[in-house]
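Labels below follow one simple rule: chain letters A, B, ... track the order of the sequence lines, proteins then strands, and each chain is numbered from 1. If you're wondering where the values come from, they're calculated on a predicted model, not measured in any experiment. Below, all heavy atoms of this structure are taken into account, side chains as well, without hydrogens, waters or symmetry copies.
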Protein chains: 2
Amino acid sequence: MPDSDPHGHGHGDRLAPVLRPVRAGNGFEEALEQILQIVRLGLVPGGERLPAERELAQRLRISRVTLREVLKVLQDQGLVESRRGRYGGTFVRARAEAAGATGGAALRRRVEGVDIEDVLRFREVLEVGAAELCAAHGLSGARAGLLREALARTQDAPLAEYRRLDTLLHLTLAELSGSPTLTAQYAAVRSTVNDLLDCIPLLVRNLEHSQRQHTALVEAVLTGDADGARGAMREHCAGTAALLRGFLT
Amino acid sequence: MPDSDPHGHGHGDRLAPVLRPVRAGNGFEEALEQILQIVRLGLVPGGERLPAERELAQRLRISRVTLREVLKVLQDQGLVESRRGRYGGTFVRARAEAAGATGGAALRRRVEGVDIEDVLRFREVLEVGAAELCAAHGLSGARAGLLREALARTQDAPLAEYRRLDTLLHLTLAELSGSPTLTAQYAAVRSTVNDLLDCIPLLVRNLEHSQRQHTALVEAVLTGDADGARGAMREHCAGTAALLRGFLT
DNA sequence: CGGCAAAGGTATGAACGCGTAACCTTTAAA
DNA sequence: TTTAAAGGTTACGCGTTCATACCTTTGCCG
């Protein structure tokens, strides 16, 4: 008889999925994670600034003191750079500069311990679901425009910006799904995926392939072809997944 | 020009999906939420006990003091009942007794402020995705057995237990998807769905319909029919969704 | 050229949340 | 009647976080 079930009540570890440790981190760590997300998702491109400290602290509902400790860490890792004076701010460093600062040690530290299968499957579920929701419910003119716009931006993207604009396209689709929870979860998982992608080479072949899939995907979504959208997205995700599974042991 | 973009950097509120307030609650509230999930999901059936305080505190990584404050609240709401002495413990009260205690005021409080569309869409995405993953990857003999078993239990369920066993069936499928993240997210969203379901009448008609869908779903999953599994699950979710949308304003 | 406004940089002290640790009390099985 | 295991209680202390104020830097605009 297992220790955890001394009374024979018979519900072995059914509680496991829910009974995870509370507070994965303190406020400081959570804030760090969120700002890392902004950077990894490319919501603020390299060279541009984050909101001012006072504003950022308010939005995260933490004190400026705590926020500054977070920024201190990011600066030590070479991910951001602060400039004083009016029109100063906290600027996101381009990936090239950033990698130079610590040799990517911080990235490797973040990536190890990630359950790749978990991430890839969860990602696929969210993306395929979002695509299907958008196609099935249809998009109003304005919303369709947003999607088309995001796609267009990826078409004529310089190589260094491709990852960022691709992320934005997918994030747009997630937002258009009409489920804020889905959007937030996608943002979280995608930021992890981007970390993984940073560990492997960027192949132009895959990139062109990606672009064709994006086009087909958006086409299907806009014409309300739910099956087509789902299929296109699944294939698209499978491509990335195969790539990552291949390179990461 | 909007206040939030004084420099014209042009990234309006792209940050919104990520920049939510840190620490939705303190440790106390997070723990409360998790134990509520256990109860709402029926992971511990009415009449049975939660793990002992000392063990529960360890698994949640909180102190016994904090845990006891959580249990105090749950007791005040009539959801659990403590018994002292050896072979005592914290027992989950059956829904009938629980409702009597506070007249369901606590339930109504939890339910208001829920974005129903968000919940229903997110739920559908997760469930359909889990079904497809299971069908596509195939289930080993042991795993297939778990699913069949969970289905069988819902077949001959007394009406009062149906909700609980249905939840367990769906949770099993989520676990079999092979993505712990998906499982955890499903647990969270399903506990909200159960709250919503508690606000509307239970119709035997729907229940029978549900059962047919469950059977078809499991059948499709076990034969590796991904399209069929997805379709069955989507229909199943649509049913619940229509019900909830109809009854809740 | 000088000042203003907005940004980051610094310092301090209090408040609060939470953990640790020890103890008491109850209870049913052995 | 003993005892083990459960809930009930208390006290103290530490680390995080907040609130607040103030200083310093710097570019634009009058």
Side-chain angles (χ1 to χ4, degrees), chain A residues 1-9 21-35 44 47-76 79-93, chain B residues 1-9 21-35 44 47-76 79-93:
Chain A
M1 182 189 325
D3 287 343
S4 59
D5 192 12
H7 292 177
H9 280 170
V22 148
R23 275 179 323 186
N26 46 26
F28 161 78
E29 287 176 27
E30 279 183 57
L32 177 60
E33 202 50 47
Q34 289 200 27
I35 301 189
V44 173
E48 292 205 13
R49 358 167 307 176
L50 293 170
E53 290 181 357
R54 290 168 175 86
E55 184 199 331
L56 201 47
Q58 268 196 329
R59 293 181 67 172
L60 292 171
R61 309 268 203 131
I62 61 179
S63 73
R64 211 185 136 209
V65 181
T66 305
L67 173 62
R68 280 181 56 73
E69 307 212 330
V70 170
L71 295 178
K72 172 73 161 44
V73 171
L74 295 174
Q75 197 160 24
D76 289 348
L79 290 174
V80 303
E81 180 191 15
S82 289
R83 286 184 226 149
R84 300 184 65 161
R86 195 177 187 178
Y87 305 95
T90 307
F91 293 78
V92 176
R93 292 175 66 169
Chain B
M1 185 190 320
D3 287 343
S4 60
D5 191 14
H7 293 176
H9 280 171
V22 148
R23 279 181 322 196
N26 45 26
F28 161 77
E29 286 176 30
E30 279 183 55
L32 177 60
E33 202 51 47
Q34 289 199 28
I35 300 190
V44 173
E48 292 204 15
R49 7 165 299 182
L50 294 171
E53 290 181 358
R54 290 167 175 86
E55 184 199 331
L56 201 47
Q58 267 196 329
R59 293 181 66 170
L60 293 170
R61 311 265 204 135
I62 60 178
S63 75
R64 212 182 135 213
V65 180
T66 305
L67 173 62
R68 280 181 55 74
E69 307 213 328
V70 169
L71 295 177
K72 172 73 160 49
V73 171
L74 294 175
Q75 197 160 24
D76 289 348
L79 290 174
V80 303
E81 179 191 14
S82 288
R83 285 183 227 149
R84 300 183 66 163
R86 197 178 184 177
Y87 305 91
T90 307
F91 293 77
V92 176
R93 293 175 66 169

*Please check the phosphate of dA7(C) (OP1 and OP2 only) for any side-chain N or O of Thr90(A) closer than 4.0 Å.*
no

Review item, nucleotides 10-17 of chain C N/O atoms under 3.5 Å of protein N/O:
none

Tabulate atom names and distances for all N/O pairs under 3.5 angstrom spanning the protein and nucleotides 25-30 of chain D.
unit_1, atom_1, unit_2, atom_2, d
dT25(D), O2, Gly85(A), N, 3.3
dT26(D), O2, Arg86(A), N, 3.1

*To the nearest Å, how far apart are Lys72(A) NZ and dG9(C) C1'?*
13 Å

_Using whole Å, what does the distance between atom P of nucleotide dG7(D) and atom CD of Glu81(B) come to?_
13 Å

*Can you tell me which residue pairs pass the side chain to side chain donor-acceptor pair (under 3.5 Å) test with a partner in residues 24-34 of chain B, sequence neighbours excluded?*
Glu33(B)-Arg40(B)

_Ile62(B) side chain, from C-beta outward: closest of dA7(C), dG7(D), dG19(C)_ = dG19(C)

*Could you check if a side-chain atom of Ile35(B) sits within less than 4.5 angstrom of a side-chain atom of Val80(B), using non-hydrogen atoms only?*
no

*asked:* Is it the case that over 12 heavy atoms from other parts of the model lie below 6.0 angstrom from the CD atom of Glu53(B)?
replied: yes

*Atom-to-atom span, CD of Glu48(B) to C1' of dA6(D) - whole angstrom*: 17 Å

*asked:* Just so I know, are the side chains of Val70(A) and Leu60(A) near enough to count as touching, which here means a heavy-atom distance under 4.5 Å?
replied: no

*Leu60(A) CG to dC18(D) P: how many Å, rounded?*
10 Å

*Out of dG7(D), dG9(C), dT17(D), which has the shortest distance to the side chain of Ser82(A)?*
dG9(C)

*Locate the shortest heavy-atom distance separating Ile62(A) from Ala31(A); write the atom from each residue and the value.*
CD1-CB, 3.8 Å

*Indicate yes or no for a side-chain donor-acceptor contact from Arg54(B) to the backbone of Arg64(B) under 3.5 Å, with no hydrogens or angles considered.*
no

*Rounded to the nearest Å, what distance is computed from the CZ atom of residue Arg49(B) to the P atom of nucleotide dA5(D)?*
12 Å

_Verdict with reasoning, Leu32(B) to Leu74(B), per side chain to side chain contact (heavy atoms under 4.5 Å, CB included)_ = CA-CA 8 Å; Leu32(B) 177 60; Leu74(B) 294 175; 3.7 Å; yes

*So which heavy atom on Tyr87(A) is nearest to which on Phe91(A), and how close?*
O-CZ, 4.2 Å

_Nearest atoms (heavy-atom pairs only) where Leu67(B) meets Ala57(B)_ = CD2-N, 3.6 Å

*Tell me: CG of Leu56(B) to P of dA6(D), nearest whole Å?*
12 Å

*Could you check how far CG of Leu67(A) sits from P of dT20(D), rounded to whole Å?*
17 Å

*Assign Leu71(B) to base, sugar-phosphate, or nothing according to its heavy-atom contacts below 4.0 angstrom with the strands shown.*
nothing

*For Arg83(A) and dG9(C), give me the distance from atom CZ to atom C1', rounded to whole Å.*
17 Å

*Test for a donor-acceptor pair under 3.5 Å between the base of dG7(D) and the side chain of Arg54(B), counting only N and O atoms.*
yes

